[in-house]
Amino acid sequence: MSITPESTVDPESTVDPSRAGTSRGGSRGGSAGPVTGPVTGEERPPDGRGGRGGAGWALAITSVAAFMAALDNLVVTTALPSIGRDLGGGLADLEWTVNAYTLTFAVLLMFGAALGDRFGRRRLFIAGLSVFTAASAAAAAVPGIDELIAARALQGVGAAVMMPLTLTLLTAAVPAERRGAALGLYSAVTGLAVASGPLVGGSLTEHIAWEWIFWLNVPIGLVLIPLARLRLRESHAPGARLDVPGTLLVSTGLFGIVYALVSTGSHGWTSGRVLAGLIGGSAFLVGFVLHELRAERPMLPMRLFRERAFSGINAASLLMFLGMFGSVFLLSQFLQIVLGYSPTEAGLRMLPWTGMPLLVAPIAGYLSDRIGGRPVVATGLALQALGLAAYALVLEPDMSYAAQLPALILSGIGMALYFAPAASLVMGSVRSSEQGIASGANNGLREIGGTLGVATLASVFSSQGGFGSPQEAADGVVPALWIGAGAVALATVAALLIPGRSAAATRERQVG
């Protein structure tokens, strides 16, 4: 990856020279590699074990918290028909139960990371976790669809503060020589959460009640909050200050765009509300970029996007989530409404796709360490695109499960290969003091991709078909799947822009 003298030396760093290492993971081809831990102003236990700040505790706490936040992205998809029957509302309202979460999550992720850098990552992590837990309880007890949408939005606020700080806290706690393995496990857990959402949601909905997809978070959150206080070390970014103008510009811009996207299903792409959101949001984001180029302490340094590794993995993440989220949103309903599966049966039949990270992620992590992150991610995205295309080719109103299985397996292997090295590629593409905001930016782009995927594919589905009859449903889902496959294929191209291990090592030697 490209490393300039500007990005190699952190003028504010006070890292002990005896523990200093390269601040990038390029020499490991995208794994976290020998990355110097974020400057925290506090000493870390030299062995990374035991007591506050121990690597094991940090991995367990941050992985479980990230699992909860990621699970809630898709856990409601298989519960949507049941929620609709109990609380009322049409397709647009059901979309909002998914998108209200991703709206606040995407808009506030970078702000949450900046707050943690400034006021303390552990402190803000606990605050975000507390809000998320309380909002989950509220979502489980709502009397109507409007209240559920509001509670989901509040869940997104808590997750936006909590989620980007999980990676930063984990990276700070794990010694450099073990960081790649820790990030691989973290990524596998997070990927499993995203993937298992439909099965968890379907099982709880059918065998208990849909409310339990939210009650599930409450005891877990109540256990994690004191553990985080006792077992995680506090850390700050050196000299961090809140970029208030940048925060307002990026938050307003993201809100305008994401709100417009989630409104397309009920208002159409050419409505005044949608066009105003897209145009106004884009204008605010342009203003944010211009401000960040001139700011003395920018929230998101624009020079990061000059790094092919950072730009490539973020573009790939956005496009991958666009194709995957939109496809899962439609397929989970198609399996129940058209093919007649129960919520649990629908989740189980998607398991070859959604459960594959559990089996393949360790292999993907091993391959990433051996040959670098780029080929693993690119191969995974290519397989995911092929899987969605194969599903589009066989999808019919009376299709058998045997016809679906090859497409599900291809998609599952592809998703697992993507998730395992993705976090290491993100964290290894920036210097250590910028890992918090890099994590927030990557998570924000993924959420925007997911929201765009649900909005775009649902819009295609509505324009080409509908749930009026099985044939109409198939006529709507098939073109939507082709668009999803195309988006993930573009993500493959973006991943290939990431420098390989040999190119990164050569560049580092030239700079050195």
Side-chain angles (χ1 to χ4, degrees), residues 61-80 82-83 86-87 89 93-113 115-116 119 121-166 190 193-194 197 200-201 204-205 208-229 251 254-255 258-259 262 325 440 443-444 446-447 450-451 454:
I61 293 168
T62 58
S63 294
V64 173
F67 183 93
M68 286 200 305
L71 183 72
D72 270 57
N73 268 311
L74 285 175
V75 72
V76 300
T77 54
T78 44
L80 289 177
S82 298
I83 292 173
D86 287 355
L87 301 182
D93 295 311
L94 295 180
E95 281 187 56
W96 270 105
T97 64
V98 177
N99 288 331
Y101 181 80
T102 54
L103 174 64
T104 51
F105 195 8
V107 167
L108 297 175
L109 269 163
M110 291 205 311
F111 183 47
L115 286 175
F119 296 108
R121 291 159 178 156
R122 183 187 65 187
R123 180 181 302 160
L124 267 295
F125 171 79
I126 293 172
L129 180 59
S130 300
V131 171
F132 181 84
T133 303
S136 297
V142 294
I145 191 70
D146 292 335
E147 292 83 359
L148 176 60
I149 292 171
R152 289 281 289 164
L154 189 59
Q155 273 189 305
V157 173
V161 176
M162 171 179 69
M163 187 69 169
L165 300 177
T166 57
T190 306
V194 173
V200 173
L204 291 174
T205 298
I208 307 178
W210 64 262
E211 290 89 347
W212 279 91
I213 64 180
F214 303 116
W215 282 127
L216 181 67
N217 294 324
V218 176
I220 299 174
L222 292 176
V223 170
L224 287 182
I225 290 168
L227 280 178
R229 179 67 183 85
S251 298
L254 289 174
F255 179 84
V258 177
Y259 181 77
V262 301
F325 264 62
N443 278 285
R446 283 165 42 163
E447 292 306 313
T451 305
V454 171

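Side chains are part of it too, since the values below use all heavy atoms of this structure and drop only hydrogens, waters and symmetry mates. Being a predicted model, the structure only gives us computed values, none of them experimental.
- Residues Leu108 and Val161 fail the side-chain proximity criterion, which asks for heavy atoms closer than 4.5 Å.
- Considering only residues two or more places apart in sequence or on other chains, Tyr259 meets the ring pair (Phe, Tyr, Trp, His ring centres under 6.0 Å) condition with Trp96, Phe255.
- At least one donor-acceptor pair closer than 3.5 Å links the side chain of Arg123 to the backbone N or O of Phe119.
- Separating the CD1 atom in Ile126 from the CG atom in Leu227 is a distance of 10.0 Å, to the nearest 0.5 Å.
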Mind listing the side-chain donor-acceptor pairs of residues 135-143 below 3.5 Å, one per line with the distance, residues two or more places apart or on another chain?
{"unit_1": "Ser136", "atom_1": "OG", "unit_2": "Phe132", "atom_2": "O", "d": "2.9"}
{"unit_1": "Ser136", "atom_1": "OG", "unit_2": "Gln155", "atom_2": "NE2", "d": "2.9"}
{"unit_1": "Ser136", "atom_1": "OG", "unit_2": "Asn217", "atom_2": "ND2", "d": "3.1"}

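- Nearest heavy-atom pair, Ala69 versus Met162, reported as atom, atom and distance to 0.1 Å: CB-CE, 3.8 Å.
- In this structure, Tyr101 contributes its side chain and Ala151 its backbone to no donor-acceptor pair below 3.5 Å.
- Within the model, atoms CD of Glu211 and OG of Ser82 stand 9.5 Å from one another, a figure rounded to the nearest 0.5 Å.
- Side chain of Arg121 to main chain of Gly116: no donor-acceptor pair is present (N/O by atom type, distance under 3.5 Å, no hydrogens or angles).
- Distance check, rounded to the nearest 0.5 Å: OG1 of Thr97 to CH2 of Trp210 gives 9.5 Å.
- Here Phe214 contributes atom CZ and Thr133 contributes atom OG1; the two are 14.0 Å apart, rounded to the nearest 0.5 Å.
- The distance from the CD atom of Glu147 to the CG atom of Leu87 is 8.5 Å, given to the nearest 0.5 Å.
- With sequence neighbours left out, the side chain to side chain donor-acceptor pair (under 3.5 Å) criterion links Asp146 to no other residue.
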